Peer 1: 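Pasting in a structure now, in structure tokens, and then I'll have a few things to ask.
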Amino acid sequence: MPDFDLFVIGGGSGGVACARRAATHGAKVGIAEASRVGGTCVIRGCVPKKLMHYGAHFSEWFKAARSYGWDLSEPRLAFERLCEGRNKEIARLNDIYIQMLARAGVELFPARAHLLGRAGEGFRIAVGEQEVTAARVLIAVGARPSLPDVPGIEHAITSDQVLEDVYALPERLAVIGAGYIGLELASIFNALGAKTTLILRAELPLRGFEHDLRQHLATEVAAHGVTLWNETVVERIERGPGGLRVHTSRGPLEADAVLYATGRSPVAQTGGLGLEALGVTLHRSGTVAVDTAYRSNVDGIFAVGDCSDHAGTALDGVAFDLTPVAIAEGRALAETLFNANPQTVNYATIPTAIFALPQAASVGLSEARARGAGHDVEIYRATFRPMFNTLTGSTGRTMMKLVVDRATDRVLGCHMVGEDSAEIIQGFAVALTAGATKRVFDATVALHPTAAEEFVTMYQPAPT
Ligand code: FAD
């Protein structure tokens with residue numbers, strides 16, 4: 001008889017969600033976490049990032065306050081206090097996660113784990129100094145920032161450091177990489193007062209996102225003060241007496257800190273787990289190949305979250321490395337294994353946001369992806385000055401776009417750049433998941449005065 005029905009390696013979003021749900025259905029569950037329970041999202045990802053985003057937002061509000069009649073003395077940022085407040089909240093959440101596991105009856109092993117081999121029908125697992133056996137093993141080890149092989153890369157920091165540690169706010173910051181994490185951190189640090197340059201290889205940030213969103217957001221982020229060096233390659237980084245010097249194809253850039261956000265990889269996480277020895281198929285990226293029931297090719301070994309290929313969907317070039325995806329996959333697996341309630345995640349309408357200043361968010365297909373998938377599409381687009389900016393005189397504009405399938409009238413994609421995009425798009429994700437047509441959008445009465453009402457009042461398709 002194995003010690004556990006299920007042993008989970010990795011106490012992040014996916015691992016904790018699966019462990020708790022499985023235990024709720026009566027399974028005997030163990031979970032190993034090598035660092036802090038809560039994983040990337042809680043400890044060094046979404047949560048500290050969003051708190052920093054709130055902190056950064058004040059700089060705009062202070063500027064706008066005068067136009068709304070408020071007189072303020074010169075605001076001053078105590079950056080350490082922001083980091084300390086953020087870290088206190090992270091510690092609180094970390095405690096809550098530990099308590100939730102205990103309440104569900106999950107046994108927590110605060111240690112690194114790896115597979116040792118088979119034990120009858122199940123598996124032997126080394127966890128810290130101990131050895132346990134389990135009938136099934138869930139790999140939920142996530143991913144880590146990956147650093148390229150650039151000379152001087154040892155001088156660079158990653159999102160792990162800026163979101164988990166307390167440090168001095170750099171005067172000049174170079175951010176390399178313009179995925180959503182690079183763009184968000186560049187925006188946040190710029191608003192907090194660092195003179196920030198975002199260096200990207202491509203012409204526009206956010207590869208894979210809707211083109212109009214990419215273009216509009218790049219313009220807005222630049223208008224907020226971030227300097228964009230696009231189509232630029234970093235050649236080497238040097239430390240000199242005046243700080244760091246980033247040598248690029250466009251010339252040198254002086255900085256006090258260089259933050260790399262060029263991608264995340266699960267290789268370091270899945271590499272040492274003993275998976276290959278058991279015959280588990282890993283992709284070159286290090287992700288575990290799983291089917292729609294989150295099963296690897298080896299019976300009894302499963303994977304969810306960032307270390308998986310999300311049931312093959314990630315191979316399409318769409319990134320689903322998001323907390324709610326990891327949680328949904330973890331819960332679906334627990335339901336399938338321990339509640340005779342087979343489930344799989346609907347990957348078609350996963351909303352996603354970029355917490356830059358301003359925010360942007362999307363759900364469903366971009367225009368290019370919709371056309372690529374063979375849809376004959378109608379496009380509805382609006383750009384306008386949000387009401388808040390009328391008093392402040394800010395030239396910032398909001399952009400909204402709907403991608404509609406002409407044949408069925410279904411809304412395939414919904415994209416926005418502007419304040420509160422993330423909150424707004426979450427609601428429209430429900431509509432798209434329910435299969436709403438443009439006629440349903442048109443029949444929906446607007447909520448006035450809001451920016452969101454524009455999504456239900458777009459009347460004329462844009463000329464194509
Ligand atoms: P993780 O949360 O990474 O958990 C894996 C855990 O496994 C870690 O705690 C690790 O310590 C542990 N582990 C690894 N190896 C072992 C081992 N051998 N033994 C024991 N434990 C091990 N997503 C969003 O949805 N919205 C956002 O706004 C957002 N912002 C982000 C911002 C940043 C800066 C980053 C880095 C990520 C962000 N994400 C966001 C992505 C999100 O954090 C991840 O998709 C999510 O955490 C993945 O969950 P997971 O369970 O797959 O892995």
Side-chain angles (χ1 to χ4, degrees), residues 7-19 30-53 94 97-98 108-115 125-128 137-146 157-164 175 177 179-186 188 259-275 286-288 290 294 303-310 314 319-331 333 350-356 359-361 421-422 425-426:
F7 195 86
V8 179
I9 304 183
S13 307
V16 168
C18 184
I31 188 168
E33 172 49 58
S35 171
R36 295 166 74 191
V37 176
T40 303
C41 171
V42 175
I43 308 294
R44 57 192 79 87
C46 332
V47 176
K49 182 265 307 276
K50 187 78 188 283
L51 293 171
M52 302 284 284
H53 173 78
N94 172 238
Y97 267 71
I98 293 170
L108 172 63
F109 295 81
R112 184 163 290 280
H114 66 271
L115 287 149
I125 304 134
V127 48
V137 176
L138 171 62
I139 310 299
V141 291
R144 301 304 303 252
S146 57
I157 54 173
T158 68
S159 58
D160 282 2
Q161 280 91 59
V162 296
L163 293 174
E164 208 177 345
V175 178
Y180 79 95
I181 295 174
L183 204 58
E184 290 175 340
L185 293 175
I188 289 169
L259 197 169
Y260 256 84
T262 45
R264 292 174 56 79
S265 157
V267 169
Q269 313 291 80
T270 53
L273 284 182
L275 291 168
T287 52
V288 181
V290 290
Y294 307 105
V304 297
D306 288 6
C307 70
S308 77
D309 67 4
H310 304 292
F320 289 131
D321 289 348
L322 295 166
T323 292
V325 176
I327 291 174
E329 290 173 346
R331 287 185 183 151
L333 177 61
I350 291 168
T352 174
I354 302 106
F355 292 97
Q359 290 182 6
S421 303
I425 289 292
Q426 174 68 86

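Just so you know, these numbers come straight off a predicted model, no measurement behind them. Positions are given from 1, in the same order as the sequence printed here. First listed ligand is number 1; within each ligand, the first listed atom is number 1.
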Peer 1: Considering only heavy atoms of P324, which atoms of ligand 1 have at least one such atom less than 4.0 Å away?
Peer 2: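 Close to P324: 25 (O).
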Peer 1: Could you tell me which atoms of ligand 1, counted from 1 in the order shown, lie closer than 4.0 angstrom to a heavy atom of V141?
Peer 2: 5 (C), 7 (O), 14 (C), 15 (N), 16 (C)
Peer 1: For ligand 1, is K49 a contact, meaning one of its heavy atoms is under 4.0 Å away?
Peer 2: yes
Peer 1: Would you call I31 and F7 a side-chain contact if the rule is heavy atoms closer than 4.5 Å?
Peer 2: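 No, too far: nothing below the 4.5 Å cut-off.
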Peer 1: Closer than 4.0 Å to some heavy atom of G305 - which atoms of ligand 1 meet that?
Peer 2: 52 (O)
Peer 1: Given I354, V37, D306, which has its nearest heavy atom closest to atom 52 (O) of ligand 1?
Peer 2: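 Heavy atom nearest to atom 52 (O) of ligand 1 belongs to D306.
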Peer 1: Using side chain to side chain donor-acceptor pair (under 3.5 Å), reason through S159 and R264 one step at a time and then give a plain yes or no.
Peer 2: CA-CA 10 Å; S159 58; R264 292 174 56 79; 4.6 Å; no
Peer 1: Which of the atoms in ligand 1, numbered in the order shown and given with their element, are less than 4.0 Å from a heavy-atom of D321?
Peer 2: 41 (C), 45 (O)
Peer 1: Relative to atom 40 (C) of ligand 1, which among C46, S159, G330 owns the nearest non-hydrogen atom?
Peer 2: C46
Peer 1: Have a look at ligand 1 and work out which part of T40, if any, has a heavy atom under 4.0 Å from it: side chain, backbone, both or neither.
Peer 2: both
Peer 1: Are E33 and R112 within salt-bridge range, i.e. N to O under 4.0 Å?
Peer 2: no
Peer 1: Mind checking whether H114 and I125 have side chains closer than 4.5 Å, heavy atoms only?
Peer 2: no
Peer 1: Going by the atom numbers of ligand 1, which of them fall below 4.0 Å from some non-hydrogen atom of I181?
Peer 2: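 Those of ligand 1 that fall under 4.0 Å from I181 are 33 (C), 34 (C), 35 (C), 36 (C).
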Peer 1: Side chain, backbone, both or neither: which applies to L273 and ligand 1 if a contact is any heavy-atom pair less than 4.0 Å apart?
Peer 2: side chain
Peer 1: Backbone, side chain, both or neither: what part of L163 comes under 4.0 angstrom of ligand 1, heavy atoms only?
Peer 2: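 For L163, only side-chain atoms sit under 4.0 Å from ligand 1.
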Peer 1: Minimum distance, heavy atoms only, to atom 5 (C) of ligand 1: which one of A140, S308, G39, G272 is it?
Peer 2: A140
Peer 1: What atoms of ligand 1 come within less than 4.0 Å of a heavy atom belonging to L322?
Peer 2: 23 (N), 24 (C), 25 (O), 45 (O)
Peer 1: Backbone or side chain, does any N or O of R264 fall under 3.5 Å from an N or O of ligand 1?
Peer 2: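 Not met; the criterion fails.
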Peer 1: Strictly under 4.0 Å, does any heavy atom of K50 approach an atom of ligand 1?
Peer 2: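 K50: no contact with ligand 1 (<4.0 Å).
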Peer 1: Heavy-atom pairs closer than 4.0 Å: do any link ligand 1 to the side chain of Q269, the backbone, both, or neither?
Peer 2: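 The part of Q269 near ligand 1 is the side chain, not the backbone.
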Peer 1: Contact between ligand 1 and A111 is defined here as a heavy atom of the residue under 4.0 Å from a ligand atom; is it met?
Peer 2: yes
